[in-house]
Amino acid sequence: MKRRLAVLCACALLAGCAVQAPRESVAPAERSRAAAFDLEGRLAASDGQRAANGRLRWAHRPQGDEWVVLSPLGQVVAHVIGTPDGAMLRTADGERLFAPDTATLLPHVLGVNAPADHLADWIQAIPAEGARILDTDAIGRPTRISDSGWIIDYAEYLNDSPQSPPRRVNAQWGEARLRIVVDTWTPRD
């Protein structure tokens with residue numbers, strides 16, 4: 001009887017040790033949006049059947065964006081310039097496409113139909129209108145956001161500041177994947 005009681009007590013103690021305290025809820029950190037920035041980094045995209053990667057130079061300004069996508073060997077693959085009047089894509093073979101905005105052209109460049117008008121928010125780990133923060137890190141920065149059917153994961157930030165932009169952004173929607181690794185980030189406010 002004593003032995004059975006000792007075993008039951010030991011099981012109860014072990015079961016108590018296995019229960020984890022619930023994670024404290026951390027309020028999302030108040031993050032400020034950069035109206036303008038320059039970014040240099042690496043880009044990888046896949047639609048589930050085709051994949052591409054290379055380097056990225058992105059100048060984001062209130063009046064428009066400029067994207068330069070380079071092959072892994074450094075040749076310009078695509079150059080997109082957006083203004084309030086429209087956007088132009090120039091490809092490596094000299095072809096030019098025109099559209100009313102950058103959002104229309106970027107799927108041709110990225111190979112995935114990501115909501116281009118949300119990418120400036122995604123790259124700053126700021127939820128776009130209608131997006132939800134699903135998880136945060138210990139200081140309240142988003143580690144996962146849901147936006148327009150996409151799940152955006154922030155695997156790493158550039159530094160430990162609550163306002164730091166992410167270093168790694170991984171976005172996924174079904175088979176489509178988009179990854180940006182930021183090497184340099186320069187706010188231009």
Side-chain angles (χ1 to χ4, degrees), residues 31-72 75-93 95-134 142 144-155 158 165-189:
R31 299 181 57 79
S32 59
R33 179 179 276 109
F37 60 80
D38 290 334
L39 173 152
E40 288 192 27
R42 290 162 278 156
L43 173 71
S46 171
D47 65 2
Q49 297 183 358
R50 297 168 296 163
N53 62 54
R55 301 211 39 87
L56 169 66
R57 289 192 311 248
W58 178 9
H60 175 73
R61 302 292 185 269
Q63 64 274 17
D65 288 290
E66 181 176 2
W67 287 62
V68 179
V69 179
L70 302 112
S71 74
Q75 292 91 6
V76 174
V77 175
H79 186 182
V80 177
I81 299 173
T83 69
D85 298 325
M88 181 195 67
L89 162 63
R90 188 174 58 234
T91 63
D93 60 4
E95 182 182 1
R96 290 175 188 239
L97 298 172
F98 297 91
D101 54 32
T102 306
T104 304
L105 294 175
L106 278 181
H108 296 288
V109 174
L110 300 175
V112 295
N113 200 15
D117 52 340
H118 293 200
L119 292 177
D121 291 327
W122 289 7
I123 203 67
Q124 297 179 72
I126 295 174
E129 186 174 329
R132 294 179 305 126
I133 296 175
L134 302 176
R144 179 169 268 199
I145 291 176
S146 171
D147 183 10
S148 303
W150 287 78
I151 298 297
I152 304 96
D153 289 307
Y154 300 98
L158 283 172
R167 175 157 163 60
R168 295 182 184 272
V169 179
N170 298 309
Q172 176 181 333
W173 182 48
E175 295 287 313
R177 297 200 180 356
L178 177 64
R179 185 182 72 225
I180 299 174
V181 177
V182 178
D183 293 323
T184 61
W185 170 270
T186 309
R188 299 285 184 199
D189 288 330

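Heads up: numbering here begins at 1 and tracks the sequence.
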Please confirm whether the backbone N or O of V182 pairs with a side-chain atom of R167, one donor and one acceptor, at under 3.5 Å? yes
Could you grab the distance from atom CD of Q124 to atom CH2 of W185, nearest 0.5 Å is fine? 4.0 Å
Are the charged groups of D153 and R168 less than 4.0 angstrom apart, N to O? no
Here the pair of heavy atoms bringing A120 nearest to I123 is O-CG2, 3.4 Å
So, E66 versus H60: side-chain donor-acceptor pair below 3.5 Å or not? no
To the nearest 0.5 Å, atom CG of D117 lies from atom CG of D101 at 8.0 Å
Starting at CG of L106, measure out to CH2 of W67 and round the result to the nearest 0.5 Å. 5.0 Å
Gap separating the CD atom of Q172 from the CZ atom of R179, nearest 0.5 angstrom: 12.5 Å
Minimum-distance pair of heavy atoms, taken over all atoms of A125 and P166: CB-CG, 3.8 Å
Apply side chain to side chain contact (heavy atoms under 4.5 Å, CB included) to I152 and V169, showing your working. CA-CA 7 Å; I152 304 96; V169 179; 3.7 Å; yes
Considering all heavy atoms, the nearest L89-A78 contact: CD1-CB, 3.8 Å
Does S46 reach the main-chain N or O of G48 with its side chain, forming a donor-acceptor pair under 3.5 Å? yes
Residues that D121 engages under salt bridge (Lys or Arg N to Asp or Glu O under 4.0 Å), provided they are two or more places apart: R33
Using side chain to side chain donor-acceptor pair (under 3.5 Å) as the criterion, list what pairs up with D147, not counting sequence neighbours. H118, W122
Would you mind reporting whether V69 and V80 have side-chain heavy atoms less than 4.5 Å apart? no
Listed partners of R61 passing side chain to side chain contact (heavy atoms under 4.5 Å, CB included), at least two apart: A36, D38, A59, Q63, R188
Sole candidate of T102, L110, I180 that passes side-chain contact (heavy atoms from CB on, under 4.5 Å) when paired with L119: L110
Mind running salt bridge (charged side-chain N to carboxylate O under 4.0 Å, His left out) on D47 and R177 for me, showing each step along the way? CA-CA 6 Å; D47 65 2; R177 297 200 180 356; over 6 Å; no
Spacing of L70 atom CG and N53 atom CG [to the nearest 0.5 Å]: 12.0 Å
Check side chain to side chain donor-acceptor pair (under 3.5 Å) between W173 and all other residues, then give those that pass, not counting sequence neighbours. none
Side chain to side chain contact (heavy atoms under 4.5 Å, CB included) between V68 and V76: does it pass, once the steps are laid out? CA-CA 7 Å; V68 179; V76 174; 4.2 Å; yes
Sequence-distant partners of E40, side chain to side chain contact (heavy atoms under 4.5 Å, CB included), two or more places apart: R57, T184
Interatomic spacing from CG in L134 to CD1 in I151 - rounded to 0.5 Å: 5.5 Å
If the condition is side chain to side chain contact (heavy atoms under 4.5 Å, CB included), which residues does E95 pass it with, not counting sequence neighbours? T91, D93, L97
